[in-house]
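First listed ligand is number 1; within each ligand, the first listed atom is number 1. Throughout, numbering of the chain's residues begins at 1 and tracks the sequence.
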Amino acid sequence: MTLADPATRTSAPVALVDVVKRFPGLTALDGVSLELAPGEFVALLGPSGCGKTTALRVLAGLESADDGHILIDDRDVVDVPTNKRDIGMVFQSYSLFPHLTVAENVEFGLRMRGVPAAERRQRAGAMLDMVGLDHHAERFAHQLSGGQQQRVALARALVTQPRVLLLDEPLSALDAKVRVGLRDEIRRIQTELGITTLFVTHDQEEALAVSDRVAVMRTGRIEQIGTPEALYSRPVNDFVADFVGLSNRMPAEVIGGVVVIEGQRVPLIDTDAHAGPVHALVRPEDIVFATDGDAHARSAVVVTTSFLGSLRRTRVRFSDGAEATLQHEVGHTPNPGDTVRVRLTGRPVAVSRL
Ligand code: ATP
């Protein structure tokens, strides 16, 4: 048997149904519903304090829900204690036992379940192999980097073959390069094991990069759930458009079912938007330099330009004072103070009431 053998594992569907959680003077979860298909990787994304960790803790049984249902494998687990929910967890802070070796840390959950020593060693070894730390089995936590400690925490969470994996900002204490490496590694291992996973993060790039679907939260509610592509290209409102990806906020007006931005008529994502003045939320890649003679183009003055390796971002100011950032290929190198002509690509945009 290996840990990655699909025959030895089954993935559980998970659902939060109308979950409410109140703290004194505050509703942290205000009717949260979320379904994860077996083996799906879903990120809960939102600003600080929106209730992400509370949702994860309620799912884990570390907090009790005031209302609603929590289903694992279609069974309501509201009254089931944490250690009986078959869940593995990794938290932001490195939570390894300092007096145990790496191998002993990983074996811990198996020891608690009375698994014989030889099997414990074999399973912990296989898990450490999977996270790339088999050669560090005899080290202690203080002899590991932060990224290595989180790999051990992941191995420890997975060694008991839980049916659900909960990750609460497991990367936020790591530096940028290690973060990206470990996030891809987590996704690889999750895919290999096919384990249903809920990943809490406030980092939109992280959420979009690794998830099958992302649930964007605001003040205790889920605003939108969808694939990264859907959230980015069809945000249901300005909060999601603003939170997921970069957006320019440009003064505009909704007239006759379209939005007029710097004199150009552009389709709306939300075709029901009310007529009147708005802010249009325009992606930097949806503004481009215009060719000569382009009737839709507007003059603007370059404010700043930054080289970002594979692309360049240039900020321009229009004659009415509005500013916007364009994202374009590096070969085009405008200088601050240059007058340029730009236009919108015409892809639909989200709008926000003034
Ligand atoms: P962050 O990204 O900062 O961790 P979050 O989205 O995970 O934020 P939660 O930790 O779920 O947010 O908190 C949601 C709200 O509930 C916050 O206003 C928080 O202060 C409050 N809260 C969380 N735990 C408790 C508690 N035990 N007692 C009282 N209030 C709490």
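Of all protein heavy atoms, the one closest to atom 3 (O) of ligand 1 is Ser48 OG, 2.6 Å. In terms of protein heavy-atom proximity, atom 19 (C) of ligand 1 is nearest to Leu26 CD2, 4.3 Å. Atom 4 (O) of ligand 1 has Thr53 OG1, 3.8 Å as its closest protein atom, hydrogens excluded (heavy atom only). Closest to atom 14 (C) of ligand 1, if we only count protein heavy atoms, is Gly49 O, 3.4 Å. Summary of contacts: the protein heavy atom closest to atom 28 (N) of ligand 1 is Phe23 CD2, 3.4 Å. Atom 11 (O) of ligand 1 has Thr54 OG1, 2.5 Å as its closest protein atom, hydrogens excluded (heavy atom only).
Within ligand 1, the atoms closer than 4.0 Å to a non-hydrogen atom of Pro47 are 6 (O), numbered from 1 in the order shown. In the vicinity of Ala28, heavy-atom distances shorter than 4.0 Å reach the ligand 1 atoms 16 (O).
Leu246 and Val316 are assigned to two separate hydrophobic clusters, defined by single-linkage of ILVMFWY side chains at heavy-atom distances under 4.5 Å.
Annotation: Pro24 places no N or O atom under 3.5 Å from an N or O atom of ligand 1; distance criterion only. Some N or O of Lys52 is nearer than 3.5 Å to an N or O of ligand 1, by distance alone. When only interatomic distances are considered, the shortest N/O to N/O separation between Gly51 and ligand 1 falls below 3.5 Å.
Between Pro162 and Ile195 there is a side-chain heavy-atom pair separated by less than 4.5 Å. Side-chain contact check for Ile189 versus Leu158: some heavy-atom pair is nearer than 4.5 Å.
Every side-chain hydrogen bond (donor to acceptor under 3.5 Å, both in side chains) that Thr53 has, sequence neighbours left out, goes to Asp168.
Ring planes of Phe140 and His142: parallel class, angle under 30° (limits at 30 and 60°).
At least one test fails for Arg343 against the ring of Phe289: distance under 6.0 Å to the centre or angle within 45° of the axis. Judged by the 6.0 Å distance and 45° axis criteria, Arg283 is positioned over the aromatic ring of Tyr232.
Looking at Thr325 and Arg315, their side chains do bring a donor and an acceptor atom within 3.5 Å of each other.
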